[in-house]
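The structure appears right after this line, and notes come after that.
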Amino acid sequence: MNAGSFVLNILILGVPFSVALLLAALGETINQRAGIFNLGCEGIMAMGAFVAFLPPFFLAGTPLAGSANLIGLALAIGVGALLGVLFALVVVTFRAPQGIAGIGLQMLGWGAAGTLFRHYVGGVTGVPGIQPVPVPGLSRIPILGKVLFNHNPLVYIAFLLVPVFWYLLFKTPWGLKVRAVGTYPRAADSLGIRVSRVRYQALALGGAMAGLAGAYLSLAQAKMFADDLIAGRGFIAVALVYFGRWNPVGVMGGALLFSLAQALQLSIQVAGINFPYEFAVMLPYVLVIVVLALVRKAKMVGPTELGKPFDREQRI
Amino acid sequence: MGHEPIRSLELRGITKRFPGILACDHIDLSVGEHSVRALVGENGAGKTTLMNILMGLYQPDEGRILINGRDVRFRSPNDAFDHGIGMVHQHFMLVQNMTVAENVALGMKSSHRSFRLDIAAVRKRILEVSERHELPVNPDALVWQLSVGEQQRVELVKTLCLGARFLILDEPTSALTPQETDELISLLQKMSSELSIVFISHKLHEVKALSDTVSILRRGKIVFEGRTENHSPADLAALMTGHEVELPRVDSGSAARGGAPGLLSIRELRVKGDRGNLALDGVSLEIAPGEIVGLAGVSGNGQRELAEALNGLRPVESGSIRLDGAELAGGSAGDVIREGMGYIPEDRNTEGIVPSFSVKENLVLKDIGGKEWSAGGFLRLGAIADNAKALRERFDIRCPSTDTAAGSLSGGNIQKVILARELARGPKALVAVYPTRGLDMGAEEFIHKQLLARRSEGVAILLISEELEEIMNLSDRIAVIYKGAILKVVPGKDATKRSLGLLMAGVADE
Ligand SMILES: Nc1ncnc2c1ncn2[C@@H]1O[C@H](COP(=O)(O)OP(=O)(O)OP(=O)(O)O)[C@@H](O)[C@H]1O
Ligand SMILES: [Mg+2]
């Protein structure tokens, strides 16, 4: 194998790898901009992956089999949003500490998905999953076509969502409210904005995105469900939001960097290059930590009230 | 704004309790059309609480609000906005990492299109309002880059942009320079011909200059109500505090100081500002034991940087700071504290206290590792509680109990907590930055007396203030700072407002 095709392979692998991270991290960006970090992302992804897997599994052979994937995606989004609202109930209405509540949600989602899977499905079974749809014309561009335009539709959607989320956050009234609520809820409140309502909405959207990210893993990437399918991606997504300085574009950069490193380490192993594989596996994680430590802390960008509950009649 | 304009507004029997405290106790207050009602009272009297109730931010436990004789109920600020009521809060309600226009847009519902924020309309509205009232603001500036005075202006413009016809101003002048204050007062005078205003302030000459009627609150009750013109500031001060207020003056006749090396000795100090510029360029100052040196100057000429450098909070480029012979330049804040420096910082909410800690914890925070408050790795809770009890009494700190979180106290009482800690530590030297900002008259008098008492005990005091009156009353010598350097040092008894004003503007010799 020559160097050129080695690099090309990494790119072709890396782009779809980044999608689950990107979807989840976009949702988490909204959560955190509204002042709430949801460590339960991982658990929501597990539930999303599980419920999305059900329709293709059970509807195989029925007349509905054709739209099974779509039903699966819708289910994942719905369940994700629901879990986001559940989280909001705990941390916004009851003002529980967000870190602990998030870990609780992670365990709940992960445990419930695994248990339900064993109960209703049993052993590991594959599904046809979502197939690649090359973009007509564009996919025939040399190199670029293969790297960017020869994937399943969710890949395109995920990357199109980056500018959509950017616009949502910085150019719409709702985005303005989200940012205000995460930075200085008291000021937002003094202008008649309902802090709790905005936080509920943000968490619902964040949950829906995490659900979708899980569905991507089970339907498009692995085309199966297993207990450890998510493998920490939810937590990486949370870290990527800091990495991307709460900006969808930065978050995309982080997701790509991480996934390319992941693709690189896989390619090193597959190519049989003489390199201790333990180190190869560590590579993406170490990379993220190093970059996080090195990026200069830009002043005054993020949500300064991140993690703090709001109570109008409480002064501190 | 679906409601008729407010011709009369009346609060009746408003009562509000917080855990352990009755903040408003059956308060009646009325405001007529096109008039200015001043609301004054001691720190913690309940002024802010009452206005927050009027804005729908707090729900009263009892009482009614009537507009044009009809009952209304405000569940959120939106309801108050609908009636054209707007408030400039005591603490800025501005989102720091957004632009001025975005901050205004947040409240301007008409700019909220379904999928687009109409920021152009907001910008236009801001420019209209700022032109009409001669309040220059740049809609595209990021709030955190603005000075305190500019932010105050933004707050006012924001409130006017939202269509307020009934303005509540909660201590709008407490963070302004004297010039900015004068400008604001004359602007409000003009505006009062078309608006109704409730004006809260601790500065009685502002109240005199602006208001038609005045109400005095004490411990949650209205204790006086009348026309402003019939009462002198001294009358009002006495009614407010319950006794005659007379600000003490320093008597520096005898001691002829100067020349001798001071207890606190600053030599050729160079310090960088936030933007990398040289904020202090060779400042030298000697403060003798038992001397108060006032540092006068327009804010932004290096006062903040000097105070921070003296307290180990800002790196020193070159020069020396000696306290009783020990070198402080280059030391940490901890080193400076251990050498016996006391510090009353400018921004009491972010620097002087830990808001979520209780009052009693904040009162010992600086010496928590010392023998007095801890033994063998354990806190001496009894001693800490006794200390708090004594200081609370001595400094008249109004709080439900010393276990209350310090952040929940009223602004003036937070200041008293800091003062109590700093003065009770028995410092060798003290840096006091705007020590009476936001304080009521009684507290101001008390603190001035405290500073003079420390002076006679031999503490070297650097008093940084913008209030010329305060500086002239208290200082043995007055140093004028201009563009990061000491322009001149004059004996306190020779200083006049005029001569200081000229010096502050950078005119060294007349
Ligand atoms: N949200 C709150 N929680 C608990 N106590 C509060 C709260 N708000 C106000 N208080 C208490 O109510 C009393 C009145 O406070 P308020 O802020 O209204 O005083 P103020 O008259 O505005 O004083 P200042 O001149 O210092 O601003 C104070 O004792 C304060 O500690
Ligand atoms: Mg107040």
Side-chain angles (χ1 to χ4, degrees), chain A residues 29 32-35 95 97 163-198 201 205 245-247 250 296-316, chain B residues 16 18 48-49 52 55-59 75-82 86-89 91-98 102-109 111-119 142-145 155 158-159 162 274 349 353-357 404-410 414:
Chain A
T29 303
Q32 294 199 10
R33 277 284 181 176
R95 300 194 186 96
V164 170
F165 270 64
W166 181 87
Y167 184 89
L168 181 68
L169 210 42
F170 295 107
K171 297 288 160 192
T172 66
W174 189 71
L176 185 75
K177 290 184 205 170
V178 166
R179 284 184 290 139
V181 154
T183 310
Y184 194 4
R186 198 166 295 280
D189 187 41
S190 79
L191 289 170
I193 286 158
R194 302 215 207 152
V195 175
S196 297
R197 179 194 283 199
V198 175
Q201 291 166 341
L205 177 58
R245 314 303 300 161
W246 298 278
N247 187 319
R296 259 198 50 160
K297 300 267 177 297
K299 217 178 151 193
M300 293 291 181
V301 283
T304 44
E305 287 291 290
L306 186 57
K308 297 190 198 140
F310 174 69
D311 181 350
R312 182 187 270 175
E313 298 217 350
Q314 199 81 41
R315 271 209 177 159
I316 42 164
Chain B
K16 178 73 182 172
F18 288 113
T48 300
T49 305
N52 279 335
M55 279 310 290
L57 279 164
Y58 289 173
Q59 294 306 314
R75 285 182 190 79
S76 101
N78 281 329
D79 298 335
F81 293 148
D82 282 345
M87 174 160 172
V88 173
H89 293 263
H91 299 289
F92 294 145
M93 291 296 177
L94 295 170
V95 184
Q96 296 285 319
N97 61 3
M98 304 201 314
E102 284 178 321
N103 268 287
V104 175
L106 210 47
M108 223 171 111
K109 302 290 180 318
S111 71
H112 296 190
R113 305 285 150 78
S114 339
F115 288 105
R116 189 172 63 88
L117 186 67
D118 193 354
I119 206 83
L142 282 162
V143 170
W144 64 271
Q145 293 174 332
E155 278 286 34
K158 179 178 90 181
T159 310
L162 304 184
D274 284 338
N349 284 312
I353 56 156
V354 179
S356 57
F357 281 18
T404 313
S408 79
L409 302 192
S410 81
I414 293 178

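Letters A, B, ... are given to chains in the order of the sequence lines, protein chains preceding strands, and every chain is numbered from 1. The structure displayed is predicted, hence computed values, not measured ones.
- Among A/Ala188, A/Ala180, A/Gly175, the residue making the largest number of heavy-atom pairs under 4.5 Å with chain B is A/Ala180.
- Within the 4.5 angstrom heavy-atom criterion, no atom of B/Met55 approaches chain A.
- Proximity to chain A (any heavy atom under 4.5 Å) is restricted, for B/Leu94, to the backbone atoms N, CA, C and O.
- B/Leu409 touches chain A through its backbone: at least one of N, CA, C or O sits under 4.5 Å from a heavy atom, while the side chain does not.
- The contact between B/Phe18 and chain A is made entirely by side chain atoms (from C-beta outward), counting heavy-atom distances below 4.5 Å.
- For chain B, the option among A/Asp189, A/Thr183, A/Ile193, A/Leu191 with the highest count of heavy-atom pairs below 4.5 Å is A/Leu191.
- With chain A as partner, the option from B/Leu106, B/Asn78, B/Ile119 having the largest number of non-hydrogen pairs under 4.5 angstrom is B/Leu106.
- The two residues B/Leu57 and A/Ser190 come nearest to each other via the heavy atoms CD2-CA, 4.2 Å.
- Ranked by heavy-atom pairs under 4.5 Å with chain B, the first of A/Lys171, A/Arg194, A/Glu313 is A/Glu313.
- Interface summary for chain A: among B/Leu117, B/Asp79, B/Thr159, B/Leu142, the most heavy-atom pairs under 4.5 angstrom belong to B/Leu117.
- Contact record, B/Ser76 with A/Arg312: CB-NH2, 4.0 Å, taken as the closest heavy-atom pair.
- With hydrogens and angles ignored, the 3.5 Å screen pairs no side-chain donor or acceptor of B/Asn97 with any backbone N or O of A/Pro303.
- From A/Leu176, atom CG reaches atom NE2 of B/His112 across 6.0 Å, with rounding to the nearest 0.5 Å.
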Audit row: B/His91, A/Arg186, side-chain contact (heavy atoms from CB on, under 4.5 Å) steps and yes/no: CA-CA 10 Å; B/His91 299 289; A/Arg186 198 166 295 280; over 6 Å; no
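- In this structure, chain A has no heavy atom under 4.5 Å from any part of B/Asn52.
- Only the backbone of B/Phe115 comes within contact range of chain A, with heavy atoms under 4.5 Å apart.
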